[in-house]
Colleague: 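A single structure is presented below for examination.
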Amino acid sequence: MTVPRILQGLNKQQVEAVTAVEGPVLVLAGPGSGKTRVLTHRIAYLIEEVGIAPQHIMALTFTNKAASQMKSRIGALIFPTEFYMMTVGTFHSICAGILRRRADYTPHFSRDYAIYDTADQLDVVQQVLSALNLDPKKHTPRRMLSQISSAKNEMIGPQQLPVTDYQDEIFQRVYTLYNELLQQSNARDFDDLLLHTVQLFADNANLLARYQDIYHYVLVDEFQDTNMVQYTLLKQLAGARRNLFVVGDSDQSIYAFRGADYRNEKRFREDYPNFRLILLEQNYRSHQTILDTAMGVINKSENPYRIQKVLFSERKEGPRPIIWEAHDEEYEARFVVDTIKELQDQGEYDPGDFAVMYRTHAQSRAIEEAFLRAGMPYRLIGATRFYARREIKDALAYLRLIQNSDDSVSLHRIINVPPRGIGQKTLQDLEDWANSLEVSPAQALMLLEQGETGPFNGRARNALTAFAAQLQEWRQKRDELSPGDLLSMVLRDTNYLAYLDDGTPEGDSRVENVMELYGVAASYEGLGLTTFLEEVALISDVDTTEKTDAVPAPSLLTLHSAKGLEFPVVFLVGLEEGILPHSRSIEEKIEDPTSTALEEERRLLYVGLTRAKDRIYLLYTFRRSFYGGSGMNLPSRFLYDIPPSVREGTPLHPRGQQAVESQRYQDKTRWEQAARQPRAGSGRSRPAQRPTDREPKFKAGMVVWHKTFGEGVVMTSIVRGDIEEVGVLFPGGSGEKTIISDFLSPVDG
DNA sequence: CTGACTAAGTTTTTT
DNA sequence: ACTTAGTCAG
């Protein structure tokens with residue numbers, strides 16, 4: 001019997017997952033174990049071998065990138081005309097579509113509803129706080145918002161909230177008014193997209209039944225990242241058929257802080273007791289040494305529900321991860337850049353093969369500077385998002401307002417941008433007046449245009465009516481013009497580009513960004529404004545950064561954005577107490593011993609480690625500056641979980657208060673001593689001199705690099721005949737060593 | 001209404 | 001150190 005084409009090249013567990021057609025399946029997929037492969041091959045298998053019609057299949061992902069990747073990979077596997085009938089998309093986009101198409105079921109929202117992102121949400125919260133006369137200093141909008149989001153993720157409405165104290169009471173009022181404002185604006189936030197869909201199905205059994213009749217097979221990627229609402233949605237969709245296929249890895253759950261609920265794995269096991277469990281443990285990315293390193297870290301996890309996976313690779317051997325203590329973040333960065341340079345020079349790696357990962361964006365600066373100084377290009381991933389830029393948000397706000405006249409956040413955003421004589425006071429009056437009439441601000445604006453006077457004097461009134469008339473005019477063109485033409489009309493009528501172009505380079509780049517947006521809008525010719533706005537609202541920058549990687553260069557990214565990626569060489573920087581684990585998670589653990597924040601930090605390191613194919617460098621610093629000040633950090637506790645047999649480089653201090661204190665003190669004196677020495681080669685251009693027989697190549701105070709011991713400081717150097725013996729002080733307990741100069745390379749100081 | 005100053009807050013962020 | 005929101009004078 002021949003193996004079907006679609007199963008060829010898959011391992012036993014992968015085949016099992018792909019061919020487990022009926023019933024609930026839980027796939028626990030280790031990093032690099034081919035989980036996307038399993039998902040795509042399973043879909044192809046369902047269609048081609050089992051004969052399931054593509055329209056009966058729904059696959060849900062978290063990112064647009066994952067969704068489009070899945071689509072194109074399925075397209076490559078099966079006959080192309082068949083597969084466009086299936087539903088592959090993010091949770092949010094699938095829900096957004098359902099809510100739009102079923103708008104007749106939701107009296108409070110029309111099909112033109114707006115989708116609010118975090119910035120829009122903050123605007124709403126601020127409005128709420130001011131309306132309730134609450135001090136934004138006591139109730140920071142961000143905290144309020146994250147509380148609202150958590151409540152929504154847990155499917156708790158304002159009325160179901162437990163109210164035991166004054167704080168609860170306040171929050172309940174904020175939450176309630178927040179929802180009311182969204183509704184009045186005909187707008188939903190990201191959480192609402194999911195929540196309202198679940199509520200829609202819960203309230204309309206017939207409608208749900210129709211969807212269940214369409215989607216016989218439901219597949220989910222990154223299951224560990226689902227929250228309560230998403231899990232409920234999955235249960236609804238799977239219905240009585242129970243053909244729910246979920247793939248995830250709770251060891252890579254790093255979004256609990258946003259509501260991802262690792263207990264969903266447990267819920268799944270309880271709700272679908274006859275589920276099939278499949279473990280994907282064979283890793284196709286890294287060699288065994290890296291896997292042993294990663295398992296060393298993750299197996300110390302305290303997650304009681306965790307099912308341990310034993311990762312293995314056919315690549316048995318590989319370089320051990322190198323731990324390295326640098327003096328400060330500048331040296332750390334230099335180590336990274338120098339090592340990249342060196343590995344590249346050896347010809348084994350391309351510039352795009354490297355990644356530098358850090359816990360927080362703030363850490364990227366030192367690294368960037370080192371790259372700049374070395375004249376090497378780099379790619380900064382995910383720093384400023386295109387769609388979060390002011391000018392982009394402004395331009396989109398105009399379009400959103402044309403689409404949905406009740407969108408008060410968008411109105412608020414652009415009513416005086418560019419300035420048209422509608423100041424703070426006037427706007428407040430408008431909002432108050434609208435409130436008193438119980439209409440949206442935009443509707444109040446329309447009343448003015450129709451001749452109402454409102455509370456306004458001549459000047460304010462003129463400005464408002466002029467804007468209202470303009471808006472009215474645009475709106476009439478809404479259906480005749482394409483998104484691109486609408487945008488160019490708005491830009492022309494408002495003179496927006498001239499407003500942006502303030503002569504600074506900053507202004508230039510803003511204009512460019514708007515033009516880029518125009519390019520995107522123009523590509524929606526024939527698809528309509530609604531589609532354009534919906535997709536743009538749900539697009540993140542993972543997608544947009546993709547096209548900027550024309551030049552291969554090392555990537556600089558946070559550990560969070562590293563998930564799902566892989567690189568031959570990975571640098572993990574700032575592996576220090578307070579950074580990874582982040583001080584916030586340590587504090588949280590002290591306040592609340594049941595806190596899982598610390599565990600999430602551990603998983604973050606695990607994610608970073610498992611990105612590497614060949615080489616890992618783990619760096620921490622002796623001292624680090626932050627927010628202007630500076631301090632000494634201890635090496636991350638997680639480093640101690642790496643088995644000594646699989647690591648090399650700087651030996652770690654013994655942990656424990658006393659030992660740490662005295663070691664630190666010794667380190668400090670050593671570093672200081674080394675620093676007092678004049679640094680050879682501190683001049684800018686120090687061409688690599690050929691050593692003459694007499695003159696030592698290395699001088700006291702020079703910073704040098706050794707393959708095994710890493711960076712060190714030269715203490716002495718003696719030339720004996722042909723050989724130069726260099727005494728080098730290596731930090732972190734290695735002490736001073738005498739090394740033949742051939743094994744050392746100078747590090748620019 | 002704009003520009004300049006001051007104060008405060010700085011984890012991560014698929015959607 | 002650095003951004004950025006809020007405040008106040010012009």
Side-chain angles (χ1 to χ4, degrees), chain A residues 60-67 69 89-96 115-119 121-122 126 136-137 140-143 145-146 149 152-153 188-195 221-222 224-227 229-230 252-260 357-363 365-366 381-385 387-388 390 416-427 459-460 463 502 534-543 545 557-565 574 578-588 597 600-601 603-605 607-608 625-630:
Chain A
L60 298 114
T61 67
F62 277 85
T63 66
N64 295 297
K65 192 180 163 194
Q69 215 172 62
T90 66
F91 275 96
H92 290 87
S93 72
I94 287 175
C95 286
I115 298 173
Y116 278 2
D117 69 11
T118 315
Q121 291 177 278
L122 277 174
Q126 255 143 10
K137 293 211 173 80
T140 60
R142 273 184 74 108
R143 248 219 326 278
L145 193 54
S146 89
S149 182
K152 287 188 177 183
N153 286 165
R188 292 181 165 107
D189 63 25
F190 288 138
D191 299 320
D192 286 339
L193 295 177
L194 307 169
L195 189 59
D221 191 16
E222 305 280 18
Q224 78 281 355
D225 290 337
T226 52
N227 61 31
V229 190
Q230 286 158 332
Q252 291 185 68
S253 161
I254 54 174
Y255 285 106
F257 75 96
R258 282 178 44 156
M357 302 176 188
Y358 34 78
R359 175 68 238 266
T360 69
H361 282 298
Q363 290 170 258
R365 232 196 65 194
I381 313 271
T384 33
R385 352 166 121 251
Y387 288 101
R390 174 165 71 80
N416 199 34
V417 176
R420 49 175 73 88
I422 304 172
Q424 200 80 92
K425 173 84 165 61
T426 310
L427 184 56
R459 204 158 112 199
D502 54 2
E534 184 174 302
E535 289 191 13
V536 155
L538 296 175
I539 262 175
S540 80
D541 286 300
V542 189
D543 317 81
T545 49
L557 68 177
T558 63
L559 286 163
H560 282 91
S561 38
K563 198 170 82 167
L565 305 177
I579 297 182
L580 185 78
H582 195 274
S583 48
R584 290 275 248 253
S585 63
I586 300 173
E587 280 161 31
E588 209 174 297
E600 187 149 311
E601 301 285 304
R603 295 193 292 267
L604 214 36
L605 176 58
V607 166
S625 45
F626 46 92
Y627 307 142
S630 84

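Every chain is numbered from 1 and lettered A, B, ... according to where its sequence line falls, protein lines coming before strand lines.
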Colleague: Could you check if a side-chain atom of A/His361 sits within less than 4.5 angstrom of a side-chain atom of A/Gln363, using non-hydrogen atoms only?
Modeller: no
Colleague: Using a heavy-atom cut-off of 4.0 Å across all strands, would you classify A/Gly421 as base, sugar-phosphate, or nothing?
Modeller: sugar-phosphate
Colleague: Do A/Lys152 and A/Asp192 have side chains that approach each other closer than 4.5 Å (heavy atoms only, starting at C-beta)?
Modeller: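 A/Lys152 vs A/Asp192: side chains touch.
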Colleague: Taking side chain as C-beta onward, heavy atoms only, is A/Ile381 less than 4.5 Å from A/Leu565?
Modeller: no
Colleague: Between A/Leu122 (CG) and C/dT4 (P), how many Å, whole number?
Modeller: 14 Å
Colleague: Supply the atom-to-atom distance A/Thr63 OG1 to A/Lys563 NZ, rounded to the nearest 0.5 angstrom.
Modeller: 9.0 Å
Colleague: Would you say A/Leu580 and A/Leu559 make side-chain contact, with heavy atoms under 4.5 Å?
Modeller: yes
Colleague: Using whole Å, report how far CZ of A/Arg390 lies from C1' of C/dT3.
Modeller: 14 Å
Colleague: Provide a list of protein-nucleic acid N or O atom pairs under 3.5 angstrom, restricted to nucleotides 9-13 of chain B.
Modeller:
| residue | atom | partner | partner atom | Å |
| --- | --- | --- | --- | --- |
| B/dT11 | OP1 | A/Arg584 | NH1 | 3.0 |
| B/dT11 | OP1 | A/Arg584 | NH2 | 2.8 |
| B/dT11 | OP2 | A/Tyr627 | OH | 3.2 |
| B/dT11 | O4' | A/His582 | NE2 | 3.2 |
| B/dT11 | O2 | A/Arg359 | NH1 | 2.9 |
| B/dT11 | O2 | A/Arg359 | NH2 | 2.5 |
| B/dT12 | OP1 | A/His361 | N | 3.0 |
| B/dT12 | O4' | A/Arg359 | NH2 | 3.0 |
| B/dT12 | N1 | A/Arg359 | NH2 | 3.4 |
| B/dT12 | O2 | A/Arg359 | NH2 | 2.3 |
| B/dT13 | OP1 | A/His361 | NE2 | 3.3 |
| B/dT13 | OP1 | A/Thr558 | OG1 | 2.8 |
| B/dT13 | OP2 | A/His361 | NE2 | 3.1 |
| B/dT13 | O4 | A/Arg142 | NH2 | 3.1 |

Colleague: What interatomic distance, in whole Å, is found between C1' of C/dA5 and the corresponding atom of B/dT12?
Modeller: 23 Å
Colleague: Indicate, with yes or no, if the rings of A/His560 and A/Phe257 have centres closer together than 6.0 Å.
Modeller: yes
Colleague: Look at all strands and tell whether A/Asp117 reaches a base, only sugar-phosphate, or nothing, counting heavy atoms closer than 4.0 Å.
Modeller: nothing
Colleague: Have a look at A/Ile422 and say if it touches a base, only the backbone sugar-phosphate, or nothing, with a 4.0 Å heavy-atom cut-off.
Modeller: sugar-phosphate
Colleague: Please compare A/Asp191 and A/Thr426 by the position of their nearest nucleotide in DNA chain B and report the one closer to 5'.
Modeller: A/Thr426
